[in-house]
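Inspection log for the structure reproduced underneath, given as structure tokens.
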Protein chains: 2
Amino acid sequence: MKSDGRLARMLHVLVHMALLGGKETSERIAQMLNTNPVVVRRTLGALRDNGIVESEGGRGGGWKMSKTLDDITVLDVQRALHKGTILSAGVSHDHPSCPVERASNAVLESAHAAAEAKLREIYATTTLAEIARIAVASGGEQAAN
Amino acid sequence: MKSDGRLARMLHVLVHMALLGGKETSERIAQMLNTNPVVVRRTLGALRDNGIVESEGGRGGGWKMSKTLDDITVLDVQRALHKGTILSAGVSHDHPSCPVERASNAVLESAHAAAEAKLREIYATTTLAEIARIAVASGGEQAAN
DNA sequence: TTTTTCTGTAACCTAAAATGTTACAGATTG
DNA sequence: CAATCTGTAACATTTTAGGTTACAGAAAAA
Ligand code: FES
Ligand code: FES
């Protein structure tokens with residue numbers, strides 16, 4: 001498949017919106033993401049349904065944040081975009097009654113569950129404010145670009 | 001894409017081969033994986049190139065293990081199948097000069113690196129013998145199936 | 001009230017990667 | 001030589017994110 005870049009893109013957009021003032025239109029966000037307004041509406045729509053941003057139609061409308069960067073974690077955005085687990089184990093279903101297949105799957109699933117726990121822990125303790133801080137700190141020189 | 005079940009399948013096949021005697025043909029393995037002999041050759045071929053199994057052509061040929069279950073870890077099989085990292089962060093490349101995009105990507109990559117470290121640690125300390133033990137212990141009753 | 005500017009969706013097409021399939025070439029044994 | 005295997009090439013299929021086109025509807029502005 002094409003790799004899933006929604007989480008990275010949404011983090012980018014949210015930090016952008018918070019840092020550079022207020023409302024942004026789908027068209028402008030599409031330009032900064034190098035894509036199409038429809039893709040933006042689709043993806044930001046999921047964040048709206050989870051109370052992270054708000055949208056307003058009509059002239060002068062657009063998107064704005066519903067929370068501050070301090071009140072949004074990476075995990076919040078992740079959950080808005082994908083229900084269910086973050087990682088998946090890639091098990092096999094070739095011979096469901098076979099104990100060996102079940103044991104193999106169980107080992108892989110348990111390992112992935114441990115890795116996912118680690119990932120969720122980091123996502124849950126990383127706020128978008130932290131990303132903004134890193135960006136401001138590291139991007140000072142290149143900001144004039 | 002279709003989800004990648006190669007690791008799970010290969011664990012299954014290797015434990016099967018070790019437990020149920022010696023040589024197996026691509027045709028027989030394909031039946032137990034509910035697939036095609038060509039898929040089996042492709043996938044087992046990667047394990048052969050990494051010294052985990054050996055193949056022999058011609059009449060009476062087939063596949064057999066090059067090591068014991070104790071000497072193969074899940075990580076060995078993983079590395080034979082995929083070079084490079086296990087997890088990937090799904091970063092964005094929409095605006096490479098933007099410090100915010102870079103910070104977002106960096107945070108995601110670092111989180112995934114931590115999760116991957118956990119995963120590799122488990123893979124590296126789990127031998128196929130352990131999978132065999134779990135299968136034998138849990139599958140006793142259903143083995144008659 | 002008409003025009004302009006936005007969002008919201010439906011209904012496609014495209015891309016990428018694993019898997020499945022068909023068809024042979026080549027090796028090895030009997 | 002015949003039979004049985006592996007090794008590959010060359011497709012077709014499946015899945016899911018992303019991209020595109022085309023409108024409908026809402027709201028401000030004129
Ligand atoms: S383009 Fe606006 S923050 Fe990156
Ligand atoms: S089919 Fe042989 S071990 Fe599962």
Side-chain angles (χ1 to χ4, degrees), chain A residues 1-10 12-13 17 22-49 53-64 66 78 80-94, chain B residues 1-10 12-13 17 22-49 53-64 66 78 80-94:
Chain A
M1 121 192 68
K2 274 178 190 171
S3 72
D4 186 349
R6 283 177 287 180
L7 179 56
R9 276 178 156 180
M10 290 304 100
H12 183 186
V13 168
M17 290 206 300
K23 219 170 284 190
E24 291 279 19
T25 183
S26 297
E27 178 62 38
R28 281 172 54 88
I29 296 173
Q31 283 168 3
M32 76 175 257
L33 292 187
N34 207 34
T35 181
N36 194 291
V38 177
V39 174
V40 173
R41 294 195 191 105
R42 259 201 308 239
T43 317
L44 274 176
L47 302 197
R48 180 198 53 222
D49 296 344
V53 297
E54 307 169 32
S55 65
E56 227 176 338
R59 188 165 193 156
W63 302 86
K64 72 175 176 192
S66 299
Q78 164 69 35
L81 293 173
H82 317 274
K83 307 303 174 190
T85 63
I86 306 174
L87 305 178
S88 73
V91 300
S92 61
H93 310 284
D94 302 314
Chain B
M1 82 181 108
K2 271 179 191 170
S3 72
D4 185 349
R6 283 177 288 181
L7 178 56
R9 277 179 155 179
M10 289 305 99
H12 183 184
V13 168
M17 289 208 299
K23 219 170 286 191
E24 291 280 18
T25 183
S26 298
E27 178 62 39
R28 282 172 54 88
I29 296 174
Q31 283 167 3
M32 76 176 258
L33 292 187
N34 205 35
T35 181
N36 195 290
V38 178
V39 174
V40 172
R41 292 195 193 106
R42 261 202 305 241
T43 316
L44 274 176
L47 302 197
R48 180 198 52 220
D49 297 343
V53 297
E54 306 169 33
S55 63
E56 228 176 339
R59 188 166 194 152
W63 302 86
K64 73 175 176 191
S66 300
Q78 163 70 34
L81 293 173
H82 317 273
K83 306 303 174 189
T85 63
I86 306 174
L87 305 178
S88 73
V91 299
S92 61
H93 309 284
D94 302 314

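Here is the naming used below: chain letters follow the sequence lines, and residue numbers restart at 1 for every chain. The basis for the numbers below is simple: all heavy atoms, side chains too, and nothing from hydrogens, waters or symmetry mates.
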*Base, sugar-phosphate alone, or nothing: which one does B/Glu27 contact when heavy atoms must sit under 4.0 Å apart?*
nothing
*Please work out if B/Arg48 contacts a base, only the sugar-phosphate, or nothing of the nucleic acid, heavy-atom cut-off 4.0 Å.*
sugar-phosphate
*Given side chains that start at C-beta, do those of A/Asp4 and A/His82 come closer than 4.5 Å, heavy atoms only?*
yes
*Start and end of chain A contact along DNA chain D [non-hydrogen atoms, under 4.0 Å]*: D/dT16 to D/dA29
*Take atom CZ in B/Arg28; do more than 12 heavy atoms of anything else shown fall under 6.0 Å from it?*
no
*Are there more than 12 heavy atoms of other residues, nucleotides or ligands under 6.0 Å from atom NZ of A/Lys64?*
no
*If each of B/Gly58 and A/Gly58 is mapped to the nucleotide of DNA chain D with the nearest heavy atom, which maps nearer the 5' terminus, i.e. the 5' end?*
B/Gly58
*Testing A/Val40, A/Thr35, A/Leu44, A/Thr43 for side-chain contact (heavy atoms from CB on, under 4.5 Å) with A/Arg9, which one passes?*
A/Thr35
_Could you work out how much the helix from C/dT1-D/dA30 to C/dG30-D/dC1 bends, comparing the axis of its first five pairs with that of its last five, to 10°?_
10°
*Take the protein atom CD of B/Glu56 and the nucleotide atom C1' of C/dG26, then report the distance between them rounded to whole Å.*
15 Å
*5'-most contact on DNA chain C: A/Gly60 or A/Gly45, nearest heavy atom basis?*
A/Gly60
Please list each protein N or O that sits under 3.5 Å from an N or O in nucleotides 18-22 of chain C, with the distance.
from: C/dA18; atom 1: OP1; to: B/Arg6; atom 2: NH2; distance (Å): 3.1
from: C/dT19; atom 1: OP1; to: B/Gly5; atom 2: N; distance (Å): 2.8
from: C/dT19; atom 1: OP1; to: B/Arg6; atom 2: N; distance (Å): 3.4
from: C/dT19; atom 1: OP2; to: B/Arg6; atom 2: NE; distance (Å): 3.2
from: C/dG20; atom 1: OP1; to: B/Arg9; atom 2: NH2; distance (Å): 3.4
from: C/dG20; atom 1: OP2; to: B/Arg9; atom 2: NH1; distance (Å): 3.1
from: C/dG20; atom 1: OP2; to: B/Thr35; atom 2: OG1; distance (Å): 2.8
from: C/dG20; atom 1: N7; to: B/Arg42; atom 2: NH2; distance (Å): 2.8
from: C/dG20; atom 1: O6; to: B/Arg42; atom 2: NH1; distance (Å): 3.3

